[in-house]
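As the structure lists them, so they are numbered: ligands from 1, and atoms in each ligand from 1. No experiment lies behind these values; they were computed from the predicted model shown.
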Amino acid sequence: MVIEEKLQELKEQINKIVPSGITISDVEFEGPELVIYTDDPKQFADQADLIKILARDLRKRIVVRPNILEDPERAAREIRAVVPENAGISDLFFDPETGEVLIEAEKPGVVIGKNGVTLREITKQIGWTPKVVRTPPIESSTVKQIRTYLRSVKDERKAFLRAIGRRIHREVTSKDQWLRVTTLGCCREVGRAAFLISTPESKILVDCGEKPGSTTNGTPYLYVPEIYPLTTLDAVVLTHAHLDHCALVPLLYKYGYEGPVYSTPPTRDLSTMLQLDYLDVVRKETDKIPYTSNEVRTYMKHSITLNYGSVTDIAPDVKLTFHNAGHILGSAIAHFHIGEGLYNIAFTGDFNYQKTRLFSPAVSSFPRLEALFMESTYGGANDFQPQRKEAEDKLYETVSATIKRGGKVIIPAFAVGRSQEVMLALEEGIRRQKIPPVKIYLDGMIKEATAIHTTYPEYLNSDLRNQIFREGLNPFLSEAFVQVDSPDLREKVISGDPCVIITTSGMLNGGPVMEYLKALGPDERNSLVFVGYQAEGTLGRRIQKGWREIPLGWRETIVINLEIATSDGFSGHSDRKQLMNYVAHLQPRPEKIFTIHGDENKTIDLASSIYKRHRIETHSPLNLETYRMI
Ligand SMILES: [Zn+2]
Ligand SMILES: [Zn+2]
């Protein structure tokens with residue numbers, strides 16, 4: 001059946017379901033959604049369950065859009081007239097692509113009204129679908145720029161979504177049924193994550209990262225015939241925003257990829273921010289950058305965001321669902337349902353199976369699951385991390401001792417994830433008088449990353465959300481935190497009073513942390529506290545191993561006399577015990593488990609331990625292998 005006939009058939013089905021009096025003028029696939037255009041959006045708004053019924057019966061994600069959207073300026077005036085003043089509307093963002101208006105307000109409850117009455121009134125007045133969000137307490141320039149950019153390319157994007165929609169819903173032509181996974185990186189190593197899922201119909205790439213600290217094998221095997229030419233790819237799916245999973249996505253567009261990138265909304269924003277920073281860091285070290293900010297924008301233009309739990313068609317025979325992975329903001333386990341009940345495979349990305357200050361533990365139950373690719377960063381037999389509380393106590397101890405002897409504490413951390421966990425621990429430490437009330441300086445992109453965290457409170461765990469919203473105690477807004485935004489201020493921090501400095505990069509391969517280390521490294525009163533994983537080949541790992549003189553370029557050397565401490569329990573990864581626990585709690589129990597994203601001995605050890613304990617078929621794949629699942 002050609003796509004026009006398919007749409008016609010869907011239109012007839014919809015007409016049978018909707019009550020008479022509602023006219024359906026057109027139906028169209030846009031990206032993974034089925035968009036219903038109508039002249040009667042108000043009647044649609046009156047029938048609260050209609051969209052749900054359509055979605056269930058047609059097994060599609062449904063969006064209803066009025067044919068004529070009211071002029072945004074006039075609509076804005078009407079919204080402000082309907083909503084009581086004390087709601088504190090701070091921004092209205094009209095998105096013609098979705099027909100939605102995002103109402104940003106200090107008191108979302110007032111915009112919604114009792115039992116949603118105000119919200120329904122808005123819909124009736126203006127036709128746009130209102131969506132209410134709380135005004136983020138810290139404004140993120142990344143989020144603002146992305147929204148503005150997407151608005152500026154809305155026509156191109158609409159054309160792109162329509163083309164993708166038609167491609168997703170094309171007819172399945174092959175009679176064969178098979179499923180293969182090709183490993184293009186991240187096997188028996190940490191970094192350059194890239195896995196290709198292929199069926200007779202479609203090809204999906206999961207992640208496309210770089211390898212931190214690598215000078216030679218930094219790129220996944222993107223040139224092999226299985227994936228080349230890139231125009232044959234249906235979709236790219238990102239588990240999370242860390243660079244070892246997403247740094248090289250813009251490169252795909254340089255090499256000819258034209259399709260969509262699926263991620264959660266926070267992953268889209270954080271990955272853009274980190275990619276632009278990655279370009280900056282690379283540019284400082286060499287004159288060969290892999291891509292430019294143009295390709296980052298191309299990636300933005302092709303991004304499609306999905307929230308946790310939304311089952312979405314991404315190819316004629318593939319449905320994707322994201323589940324919370326507990327690792328960083330927006331991190332997801334990507335679950336793929338292949339064919340009509342043929343096979344289910346999931347990729348954990350990086351995940352944490354323990355509750356942290358920011359996130360709930362990773363999801364371990366799925367409707368169905370036959371094969372699992374799981375990370376093994378801490379998969380070795382002895383990779384036990386201390387409990388979170390122990391890690392925090394150790395941090396408090398090091399900070400207190402350093403401050404007492406007049407020193408400064410440098411904490412290198414990823415801008416995203418560790419930084420916010422450590423910020424929250426230190427804020428509580430000061431509040432409960434476990435450490436002296438010193439200033440905590442944030443250098444690098446940490447503040448911007450924190451702002452993105454406060455933009456998406458629904459992705460934080462409920463305790464933190466309640467603390468922020470119900471009790472009005474947003475720990476991120478503590479006066480202890482000071483942003484370092486100029487070289488001058490950095491100089492002052494270096495020569496000033498005892499303090500704590502949280503700064504990027506997390507593995508000491510570039511970034512402002514190098515300035516601090518150069519200046520503060522020789523003084524033994526200071527300390528350097530590692531709170532995250534240090535990959536082989538990075539300066540962080542070398543210092544952990546005991547290097548005390550670090551050559552920098554031709555003449556310079558960094559002398560390391562300061563105290564070196566490691567507070568391992570802050571990691572966003574599951575340790576050995578949690579990895580084993582996760583497998584024990586998996587619902588349902590998979591037939592096959594592949595251990596990836598770990599040093600060679602760790603992936604092998606974890607695979608064999610899982611087999612011994614659970615008798616599940618396990619593999620510790622090499623790069624460039626292809627496994628047939630069915
Ligand atoms: Zn990660
Ligand atoms: Zn990773």
**Q** May I have the step-by-step check of side-chain hydrogen bond (donor to acceptor under 3.5 Å, both in side chains) for Gln587 and His585, ending in yes or no?
**A** CA-CA 6 Å; Gln587 273 296 345; His585 286 99; over 6 Å; no
**Q** Looking at the Zn ion (ligand 2), is one of the N, O or S atoms of His597 less than 2.8 Å from it?
**A**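 Here the distance criterion (N, O or S atom, under 2.8 Å) is met by His597, so yes.
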**Q** Can you list, by chain and residue number, the protein N, O or S atoms under 2.8 Å from the Zn ion (ligand 1)?
**A**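 For the Zn ion (ligand 1), the protein N, O and S atoms that sit under 2.8 Å away are His240 NE2, His242 ND1, His327 NE2, Asp350 OD2.
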**Q** How close do Ser567 and Leu395 get, heavy atom to heavy atom, and via which atoms?
**A** OG-N, 3.7 Å
**Q** Which residue in the set Leu238, Val236, Leu270 passes side chain to side chain contact (heavy atoms under 4.5 Å, CB included) when paired with Ser263?
**A** Leu238
**Q** Less than 4.0 Å between a side-chain N and a carboxylate O, is that true for Arg490 and Glu515?
**A**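 No, Glu515 and Arg490 are not salt-bridged.
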**Q** Could you pull out the closest heavy-atom pair between Gly209 and Leu248, with the gap in Å?
**A**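 Shortest heavy-atom separation between Gly209 and Leu248 comes out as O-CD1, 3.4 Å.
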**Q** With a 4.0 Å cut-off on N to O distance, would you call Asp383 and Lys602 a salt bridge?
**A**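 Result for this pair is yes, salt bridge flagged.
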